There are 4 protein chains.
Amino acid sequence: MNVQLNNFNSKREAILNSTLLLVKEYGFHGAPMSQIAKHANVAAGTIYHYFDSKETLIVELYIRTKDQLAEAILEGYDESKSYKDRFFRFMINQYNFYIKNESAMVFLEQYINSPFAKNFPEKDSVLFKEKVIAFFQAGIDGEYFKKIDPRLLGPTIRGTLVAAANFRLSEHMIYSEEDITEVVQIVWDGIKRQ
Amino acid sequence: MNVQLNNFNSKREAILNSTLLLVKEYGFHGAPMSQIAKHANVAAGTIYHYFDSKETLIVELYIRTKDQLAEAILEGYDESKSYKDRFFRFMINQYNFYIKNESAMVFLEQYINSPFAKNFPEKDSVLFKEKVIAFFQAGIDGEYFKKIDPRLLGPTIRGTLVAAANFRLSEHMIYSEEDITEVVQIVWDGIKRQ
Amino acid sequence: MNVQLNNFNSKREAILNSTLLLVKEYGFHGAPMSQIAKHANVAAGTIYHYFDSKETLIVELYIRTKDQLAEAILEGYDESKSYKDRFFRFMINQYNFYIKNESAMVFLEQYINSPFAKNFPEKDSVLFKEKVIAFFQAGIDGEYFKKIDPRLLGPTIRGTLVAAANFRLSEHMIYSEEDITEVVQIVWDGIKRQ
Amino acid sequence: MNVQLNNFNSKREAILNSTLLLVKEYGFHGAPMSQIAKHANVAAGTIYHYFDSKETLIVELYIRTKDQLAEAILEGYDESKSYKDRFFRFMINQYNFYIKNESAMVFLEQYINSPFAKNFPEKDSVLFKEKVIAFFQAGIDGEYFKKIDPRLLGPTIRGTLVAAANFRLSEHMIYSEEDITEVVQIVWDGIKRQ
DNA sequence: AATGAATGAGTCTTCATTCAT
DNA sequence: GATGAATGAAGACTCATTCAT
């Protein structure tokens, strides 16, 4: 009964997932549409039923991935907890997301440092902006953090977490709760109001 | 007498500079050899006298740029100062380098997040490794920093400084000494042994 | 009771009309089946219920359009009039048809100058051949015209009328009876037995 | 010594000639760049050293061909002859050009009836406009012709000559001087001031 | 009869690289 | 050393056609 819907989503999702994997592995340039199609088990032309161009595909994948990151960050959000606890939760969630979704992390980093990000600054996750960035803003307003522009805060946090995740992943280490806390502590100590 | 040498260097340098600019502006994919040649005022074939392939060109540009970064970081190094003072000097120098060489920063970030970095991990600046990373290691050994792996420390610091430089550059703000100190303070507070 | 038939015809006609318009506007190459379907308000696959292939569609459209031209030319045919009067009537009718059906004219000209005409010489309007060309033949046999092969006469007449219609249409001029007579006079003076 | 020039021209000319032939045989759509390259004995990419795109190639071929037509028409031009004699000479030259260069004629007719002509009305032979059309204008001004707009006169003449040439060519007849004169007479009788 | 998602061969075009001069 | 015309493999994308529903 909802087969149609499933099929629709499954092809589209397969294409997005295939793109994520190939871009992570070989970069934007090294991920030809033909390969993306092959890995998604669809014909090359099929991609163009779902996406206008390779550019569109990449940009939509970025938004989807950032949405997923935002969802992961917001998981288990508990208003009753203290700001610091909630902040730690955010960081741990983000770190875990990177560890569990290496391709997502690598893709996001590539995207952010590519001309795409400059050319389509308006194409971004609404969820991330409205929930995650807003939460950071609240931390600044509530004087938990140093008086830093939130547009500086975000990338600073991301930079450290990505660095940590990359390190752990490259070392093939099993990450423990202590690992995570240690990294988050770096972030926190850096930006908290002393 | 060394005109020939100068010419040799000037063409080579022109090609590297042209590549840096074009990669910064359009990404690896958007910087064809023909354009690189045109911007360097040389013929397309000439590039192949200095570099085996586009890949080689990019990798050598990476090493040169990282060398330049290392040199900038080490500028005014004064053994007689305290470790903390020297660390702050390192950070300020790096930050200034990014501000003054946006294309270098953008190129480095693109490179680090591209498959190149993964495929040629051994191709890197010797100067950077032997002086800069070694200095961080000393900070860990000397218990100035938290007990963090130096391979984590480097990217963490870079992440924050790049975030800050990007922010300043995108805002077209004139950066002041306070700006710099504020950012370096974030880094320092994050990693210093509490 | 003949609703079905009407529907059948209406879809078929819609497809033919859509093709005529798009070919006129963008040429054979610029009229993809998907666009033809969209403009005809049918699904892409539906076209293949009525026509075997795009080639068939074009050829059948040619025959239909030439049939329509023949019908227009023969309108008000009056055996009792003199040959010259009937000839003028033919010309005026043809000229008017072009003016009122620009897409038909453009399509016919494109078709005649395309490989289609060469590859399917037998695919043509029976009505046109049996009535219009036969009438010209009668003019030759009856010694009203110079002694020209009828296969030369047809295109010669067409050439002048199309030139005139194109000129009028591109000038966005309101054509008058005198205009028409003037053009027909050129044709007549050219071919009539002096 | 002028080998370079020859080579340059020879490749460019080979590409244009190859295009002319293939477009004549298979139409615009049926002449892929790969085939054009193959028939010209060059690599596919080479075409793009001489022409920006397929569109440019076609348009430049049109201008070149129309230039050649104009040159052929103007051959043996003799100011001392009467206007009528010179007009007949023009017509005979044009007719002969069509007979001897069937592909040029077919290409020109295809082009004129394609969207190209509509989209690039300014791209045309200067020689043709300044010499041939000007000569027709002189005929109107000198009252040799009926009072017709020159923009109507040109296509009218072309229409008849092309019709005649096509007929002769399709009949594989050897054309004689009488043939030509007969056709030109049709043109002349049609447009001359009675 | 009608749909439109899916196909994949084929198209134009780009671009790293070569090589004769 | 230097040139830049030439190459041709590979890429993004189109589109006539099919077929399950």
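Small disclaimer: the values here were computed from a predicted structure and weren't measured. Just so it is clear: chains get the letters A, B, ... in the order the sequence lines come, proteins before strands, and each one is counted from 1.
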*Excluding sequence neighbours, so at least two apart, what forms side chain to side chain donor-acceptor pair (under 3.5 Å) with E109(A)?*
R158(A)
*Considering only heavy atoms, which members of residues 20-39 of chain C lie under 4.0 Å from some atom of DNA chain F?*
P32(C), M33(C)
_Which residues pass the side chain to side chain contact (heavy atoms under 4.5 Å, CB included) test with E60(A), not counting sequence neighbours?_
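Only R12(A), F51(A), T56(A) meet the side chain to side chain contact (heavy atoms under 4.5 Å, CB included) criterion with E60(A).
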*Please name all residues satisfying side chain to side chain contact (heavy atoms under 4.5 Å, CB included) with H39(D), sequence neighbours left out, ordered by chain then number.*
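Residues passing side chain to side chain contact (heavy atoms under 4.5 Å, CB included) with H39(D): S18(D), L22(D), Q35(D).
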_Closest-nucleotide ordering on DNA chain E, the 5'-leading residue of D52(B) and N41(A)_ = N41(A)
*Using the criterion of both pairing distances under 3.5 Å for Watson-Crick and G-U wobble pairs, give all stems of 3 or more consecutive pairs involving DNA chain E.*
E:2-21 with F:2-21
Residue [X], side-chain atoms from C-beta onward, closest of [options]:
{"X": "A43(B)", "options": "dT3(F), dT7(E), dT17(F)", "result": "dT3(F)"}
{"X": "Y48(B)", "options": "dT17(E), dT13(E), dA2(E)", "result": "dT17(E)"}
{"X": "A44(C)", "options": "dA16(E), dA6(F), dG4(E)", "result": "dG4(E)"}
{"X": "K11(C)", "options": "dT3(E), dT17(E), dT13(E)", "result": "dT3(E)"}
{"X": "H49(D)", "options": "dT14(F), dA2(E), dA5(F)", "result": "dA5(F)"}

*Examine F116(B) together with F28(B) and report whether their ring centres are nearer than 6.0 Å.*
yes
_With sequence neighbours excluded, residues passing ring-ring contact (aromatic ring centres under 6.0 Å, His included) with Y48(A)_ =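 Applying ring-ring contact (aromatic ring centres under 6.0 Å, His included) to Y48(A) gives none.
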*Y50(C) OH - dA1(E) P separation (whole Å)*: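 It works out to 7 Å between those atoms.
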*For atom NZ of K38(B), decide whether the heavy atoms of other residues, nucleotides or ligands shown that lie under 6.0 angstrom number more than 12.*
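Not buried by this count: 12 neighbours or fewer within 6.0 Å.
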